[in-house]
Every structure is written in structure tokens, then in C-alpha cells.
There are 2 protein chains.
Amino acid sequence: MAQRNTAVTDQADCPLPEVLRLIGDKWCIQILVELGEGPRRFTQLERAIDGISRRMLTLNLRNLERNGLVSRTVHPDAPPSVEYAITPLAEDIRDPLETLANWARHAAPALIAARQTYDARLGAER
Amino acid sequence: MAQRNTAVTDQADCPLPEVLRLIGDKWCIQILVELGEGPRRFTQLERAIDGISRRMLTLNLRNLERNGLVSRTVHPDAPPSVEYAITPLAEDIRDPLETLANWARHAAPALIAARQTYDARLGAER
DNA sequence: CGGTATCCCAAAGGATACTG
DNA sequence: CAGTATCCTTTGGGATACCG
């Protein structure tokens, strides 16, 4: 089961870390999780994801769209209306991402505690 | 400091994006997945994770250790021997992370295809 | 509403020489 | 073996003004 990749990954053009960086962009997981619950409009996302800047939301959505994880549909209304949704490709990771997000909430206190222990120990030993 | 979390999350000290950044550090997922298969030594990890620099491996391991996701055990041998392993806290996300890693491998071709389509379309329309 | 454009700073990350 | 230290480049990311 331990198939080590001595000679890089299979896809020379798209190594593992590069693909994983996709979902490691600080806001990406939250965006995908939010969209996983249903299509959302730009400002809906902006409000739902606390603290995200307009610029970063745009950049992340573009990047996700470019990589085929998110679709962007423009409805030609009087006030512009754009709807974002996850694609089937992204559906495959909806569950694990949601699990991670839930874990993040649940584990936060433990992480803080761990940090304090670690930092305190460092202060004592050094 | 930009304290712009109006309502913020429940844990004032540890908002969601900050926790998620933990696993979004480009190499973090791979490190955790690798350790998920069993304890590993420094150089084992260095070889297993293709392309990672010594510096980044160290930094990531330290960070994971600090946050209680990875344990570090030093065996006082003649040649230094250090063993890394995931903690129970990280066990909780072993499965979703593994799923993500597998997905990354599997979905890589589709991502590349999506990008080419997107980039081509942009070139034509602009 | 749904973005772009610009500016600027902080953090991530690579390379690599050195060390107990 | 398992790191640390140093240097330097690239990327991420916030703020905000502006636009169709």
C-alpha cells in the first residue's frame, strides 16, 4: 500500500502538491463548503465567509473556476446576477471538505491548548 | 493589526480560516497522510515527499507539533533518531485527508483539461 | 451587484552551507 | 541523522478606489 513516489508523480505537469495547493488557499475550503450547500451569489459568499476580502474572493473563485471545480453562471438581469456552484468534479470532495471544516471548529480549543503547552515548554527549557 | 472580525467565530482566538490554514500549507496534507500510514523518521519523510525542501519539512513538522497534530520522539541513539507520528487529534482527519490526496491524484488530468479549456476560451474571447 | 486595478506588506517557500 | 541559519524570490493577501 505504501507506493512511494521516488520518481515524482504520474502527471509530470501536475504534481500532487500543486493540486493540493488548490484547496490550501486559506479561503478555498470555506468557499467550496459553502457552495457545497447550494449555489450562491457573489455577495452571498462575501457575507457568509467572514473576513474575506473582495479581492481574495474574486481570485479564489476565478482559480476554482479555471480548474473546473466551480461553475459561474451570469444571468443577464438589470442588476447583474452571477451564480456560483460546485461542479461534479468538486462534488467528489464535498464530504471530506465538510468533515475538515467541522473538525476545524470542533478541534480549535484543543489546538489552542496544544500551542500553549508547546510554547510554555519552550520557554522553560530554553 | 486588522481586527475586522465583526462577529467572528465562536473561538475568538482561533477563527476557522486560521485552523484551516494549518492543513493548507502545501506540504501539510502530504505529511499528515504519510504519517497516517505509520510513524516516520525525518529523512524518510524527506524522501517520501518528493520536492519538499529540508527547511519546509522542518517548519511544517514544527508547526504541526506545536498545534498538537504530530508528536516528535527522540531516541538517544548514537546516530540521532527522531520519530514523528500523528496524534489522536490528527487521527480524526486521517480519512478525509487521505480521500483528498487520492482525489488529487485521480482528478489531476481533469484539472489540467479544465485549465486548458478555460485558458483557451479566454484567449479567444479577449 | 459584481467585479477590476492598484498599492503595498507579510508570509511562504526554495537553495544550500553549516552543525551537534 | 536531523536539523539550524541565512539569504533571497515569489506568492498570498488586505485595503480601497473605481467601473460597467
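So that the names make sense, note that chain A is the first sequence line, chain B the second, and so on, each numbered from 1.
Residues satisfying the side-chain contact (heavy atoms from CB on, under 4.5 Å) criterion with A107(B), sequence neighbours excluded, are L89(A), W103(B). Applying the side-chain contact (heavy atoms from CB on, under 4.5 Å) criterion to T117(A), with sequence neighbours excluded, gives no partner residue. By the side-chain contact (heavy atoms from CB on, under 4.5 Å) test, R21(B) pairs with K26(A), sequence neighbours left out. Every residue two or more places apart in sequence or in another chain that forms a side-chain contact (heavy atoms from CB on, under 4.5 Å) with E46(A) is listed here: F42(A), T43(A), R54(A), L57(A).
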Protein-nucleotides 17-20 of chain D N/O pairs closer than 3.5 Å?
none

Would you tabulate the pairs of protein nitrogen or oxygen atoms and nucleotide nitrogen or oxygen atoms of nucleotides 12-15 of chain C closer than 3.5 angstrom?
{"residue": "dA12(C)", "atom": "OP1", "partner": "R21(B)", "partner atom": "NH2", "Å": "2.2"}
{"residue": "dG13(C)", "atom": "OP2", "partner": "D25(B)", "partner atom": "O", "Å": "3.2"}
{"residue": "dG13(C)", "atom": "N7", "partner": "R55(B)", "partner atom": "NH2", "Å": "2.4"}
{"residue": "dG14(C)", "atom": "OP1", "partner": "K26(B)", "partner atom": "NZ", "Å": "3.1"}
{"residue": "dG14(C)", "atom": "OP2", "partner": "W27(B)", "partner atom": "NE1", "Å": "3.3"}
{"residue": "dG14(C)", "atom": "O6", "partner": "R55(B)", "partner atom": "NE", "Å": "3.0"}

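If you check every strand for non-hydrogen atoms under 4.0 Å, T43(A) touches sugar and phosphate atoms only.
When rounded to the nearest whole Å, the span between CD of E46(B) and C1' of dT16(C) equals 12 Å. Rounded to an integer number of Å, the gap from CD of E83(A) to C1' of dG2(C) is 14 Å. We find that CZ of R62(B) is positioned 11 Å from P of dA5(D), with the value rounded to whole Å. When the P atom of dT4(C) is taken as reference, atom CG of N63(A) falls 13 Å away, rounded to whole Å. The nearest whole Å value for the distance from the CG atom in L57(A) to the C1' atom in dA15(D) is 15 Å. In this entry the distance linking CG of D77(B) with C1' of dC1(D) reads 10 Å, nearest Å. When rounded to the nearest whole Å, the span between CG of L61(B) and P of dT4(D) equals 10 Å. Atom CG of L22(B) is separated from atom C1' of dA11(C) by 15 Å (rounded to the nearest Å).
Comparing the local axis fitted to the first five base pairs of the helix from dC1(C)-dG20(D) to dG20(C)-dC1(D) with the one fitted to its last five gives a bend of 50°, rounded to 10°.
Residue R41(A) has its side chain nearest to dG2(C) when only dG2(C), dA2(D), dT4(D) are considered.
Side-chain N or O atoms of T87(B) include one that pairs as donor or acceptor with a backbone N or O of G68(B) at under 3.5 Å. At least one donor-acceptor pair closer than 3.5 Å links the side chain of T99(A) to the backbone N or O of D95(A).
No side-chain heavy atom of I31(B) sits less than 4.5 Å from a side-chain heavy atom of D25(B). With contacts defined as side-chain heavy-atom distances shorter than 4.5 Å, the pair L100(B)/L97(A) qualifies. For the pair L69(A)/I86(A), no side-chain contact is recorded, criterion being any heavy-atom separation below 4.5 Å from C-beta on. Residues L64(B) and C28(B) form a side-chain contact, since some pair of their non-hydrogen atoms from C-beta on lies under 4.5 Å apart. Two residues are said to be in side-chain contact when any heavy atoms from C-beta on lie closer than 4.5 Å; L32(B) and R94(B) fail this criterion.
For residues 62-73 of chain A, the set of pairs meeting the side chain to side chain donor-acceptor pair (under 3.5 Å) definition, not counting sequence neighbours, comprises N63(A)-N67(A), R66(A)-D119(B), N67(A)-R115(B), R72(A)-Y84(A).
Remark: Y84(A) is not in phosphate contact with dC1(C), judged by side-chain N or O atoms under 4.0 Å from OP1 or OP2.
Annotation: proximity of residues 28-38 of chain A to DNA chain C (heavy atom, distance under 4.0 Å) is found for no residue.
Listed here is the closest heavy atom pair of P80(B) and R41(B): O-NH2, 3.6 Å. Considering all non-hydrogen atoms of both residues, I29(A) and I23(A) come closest at CG1-O, 3.3 Å.
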